[in-house]
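Atom set for the values below is all heavy atoms of this structure, side chains included, hydrogens, waters and symmetry mates excluded. Order of the sequence lines sets the chain letters (A, B, ...), proteins ahead of strands, with each chain counted from 1.
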Number of protein chains: 2
Amino acid sequence: MAPDDEKDAGQTTGTLGKAIALLESVCQAERPQRFTDLLKQTDQPRGSLHRQLRHLVAEGLVDATPEGDYTPGLRLLGFAAKAWARNSVRKLAEPHMAHLHALTGETVHFGVLRQKEIVYLDKLESRQTVRMHSQVGNAAPLYCTGIGKAALSCLEDADLQPLISQIEFRSFTPSTHGDAQALLADVEAIRDRGYAFDLEEHQPGICCVAAAIVSADRSFIGGVSVTAPAFRVGREKLVDWADPVRFAALAMAADFDRGMGPRRKSDL
Amino acid sequence: MAPDDEKDAGQTTGTLGKAIALLESVCQAERPQRFTDLLKQTDQPRGSLHRQLRHLVAEGLVDATPEGDYTPGLRLLGFAAKAWARNSVRKLAEPHMAHLHALTGETVHFGVLRQKEIVYLDKLESRQTVRMHSQVGNAAPLYCTGIGKAALSCLEDADLQPLISQIEFRSFTPSTHGDAQALLADVEAIRDRGYAFDLEEHQPGICCVAAAIVSADRSFIGGVSVTAPAFRVGREKLVDWADPVRFAALAMAADFDRGMGPRRKSDL
DNA sequence: AAACCACGTTCCAAATAATGGAACAAGAGG
DNA sequence: CCTCTTGTTCCATTATTTGGAACGTGGTTT
């Protein structure tokens, strides 16, 4: 119908793309969506939307109550469990995370880059926190998280500049960097230090030290961080953890380079 | 091309169904799949498979290495995180799980029924286990897990019999029930007791006590269990935990009935 | 009651995207 | 040099999706 939709940018994924876009709508929403809610968001004809939803529900990607509320489907958990369990970088990071956790006694995160976000792949909780699990599987912006900024600090200036200029800065907290200039200055400092802070820039009251895991070819593999509530730890404490964090990141990078070297050979 | 495929059973999900079937193939495999592996499993023409994979990769549901290895995509984690965070039954179970965990000091599971399997939705670890997280999002058969058998014990005989007769019994361990008769006897006992055991029937060395969470209308909502290694706890210990587990299940059911009562009203 | 409206569901000709066979690259071995 | 395996591209055919409109259904107003 529309010959060239504005933001198709290169590739089209046909029917699947539309289905996943709809699934995204269902997932992004805060609460169960009704047929009409989705109709408004997706502005598709009734008939099409109806069939697409039927398909998604039949496949278990979306769950529907008899009353007509649509929520993300439980089958997604099964898929994600596999994606998580089979992720090789996460597996290799695990023991080093455990070590770091034992050393600091605080919450340790591991995250990788996906598109232009950090996705948290693993988390070891601080000893008895009241906090929920999760965060695992969630995505966060690059410009206001420790791991995200550590990732940025690995880029060449030539790649960094255009990327930063595309960012839409949103102030999650009063401390969030509000523009490219502030972020660039921070990245500069991170390059010098070799590690990054997040001083309540994403979540109020939460701060962390993070380091990038960098492969031998200088590409960003992922990041580790130690996180704690601001009321309990000051900047000095974070600095104390910086070396352990950096060391863990180095150890992970070494494991990565060792493991990823032999290609086809080590497959069996 | 094929006018009526054998097991289409009622509904067809068109293009999406094929894409998800392929995704399932990628996820089920133990290791990264190559194009040819998938070609064999799905017996589709090269052209079609190639395009479907391209679409899945473009959508982030499948990740592909430059070398041509296909693995479950990281985007799945994001979807699942939403599905998990927004699951209302899980949320309401959470505090009762915590209580049970504090009481027993052992691993507590919460699971619900999906299709004909138990899907684990939450887990509180035994204090310092070496064990990984996960299990969350994984599915297990009904006939060899505590929560699964507790679910079976909620069914009327009229529903139970046909369901059991369809089961393909697979012996995960020497203790797994091997036929309908043994399972029925166990279900009978569970009905009498009000709780179920899993005595190393699914994973060697692992046993649990479980109870069904049953709504006021007598339908199965989910199940809770306390799990421990067999070498550390005997049947007596499991029996000690049975009442706490049953009580937790009752409390969850009460919360469920209370929360789910007011429909549209409580939406806001 | 009748008229109205919001919500969902179902239908079907027309438009579009998926299909699958075959031809085309590119290595890897023999 | 030939051949086998693996992966990619092309394109006429075919099946699926599309989307407008008509049809239910229940709730609300006049």
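- Note on B:Arg34 versus B:Asp37: no salt bridge recorded, every NZ/NE/NH1/NH2 to OD/OE distance being 4.0 Å or above.
- Of the charged side-chain nitrogens involved, none lies within less than 4.0 Å of a carboxylate oxygen, so that A:Lys18 and B:Glu59 do not count as a salt-bridged pair.
- Applying the 4.0 Å criterion to OP1 and OP2 of C:dG20, one finds that B:Ser48 has a side-chain N or O inside that range.
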Side-chain atoms of residues 150-162 of chain A: list all donor-acceptor pairs with protein atoms under 3.5 Å, sequence neighbours left out, distances to 0.1 Å.
| unit_1 | atom_1 | unit_2 | atom_2 | d |
| --- | --- | --- | --- | --- |
| A:Ser153 | OG | A:Ala150 | O | 2.7 |
| A:Asp157 | OD1 | A:Arg191 | NH1 | 3.4 |

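- Between A:Arg51 atom CZ and D:dA15 atom P there is a gap of 17 Å when expressed in whole angstrom units.
- The distance from atom CD of A:Gln52 to atom P of C:dG8 is 16 Å, rounded to the nearest whole Å.
- When each of C:dG20, D:dT17, C:dG8 is scored by its nearest atom to the side-chain atoms of A:Thr36, the top-ranked nucleotide is C:dG8.
- With distances taken from any side-chain atom of A:Tyr70 to the nucleotides D:dT18, C:dT9, C:dA18, the minimum falls on C:dT9.
- Following rounding to the nearest Å, A:Leu39 (CG) and C:dC7 (P) show an atom-to-atom distance of 10 Å.
- Among the protein residues, B:Gly14 comes within range of the sugar-phosphate backbone only, with heavy atoms under 4.0 Å from sugar or phosphate atoms but none that close to a base.
- Considering only side-chain atoms of B:Arg46, the nucleotide from C:dT19, D:dT17, D:dT6 that sits closest is D:dT6.
- A:Arg34 has a side-chain polar atom (N or O) that falls below the 4.0 Å cut-off from OP1 or OP2 of C:dG8.
- Residue A:His55 contributes atom NE2, which lies 9 Å from atom C1' of D:dT16 at whole-angstrom precision.
- Between B:Gln44 atom CD and C:dA22 atom C1' there is a gap of 17 Å when expressed in whole angstrom units.
- Counting only heavy atoms from C-beta on, B:Phe35 has its side chain closest to D:dT8 among C:dT19, D:dT18, D:dT8.
- The terminal axes of the helix from C:dA1-D:dT30 to C:dG30-D:dC1, fitted over 5 pairs per end, subtend an angle of 20° to the nearest 10°.
- Distance from the side chain of B:His50 is smallest for D:dT8 among the nucleotides D:dT8, C:dT19, D:dT18.
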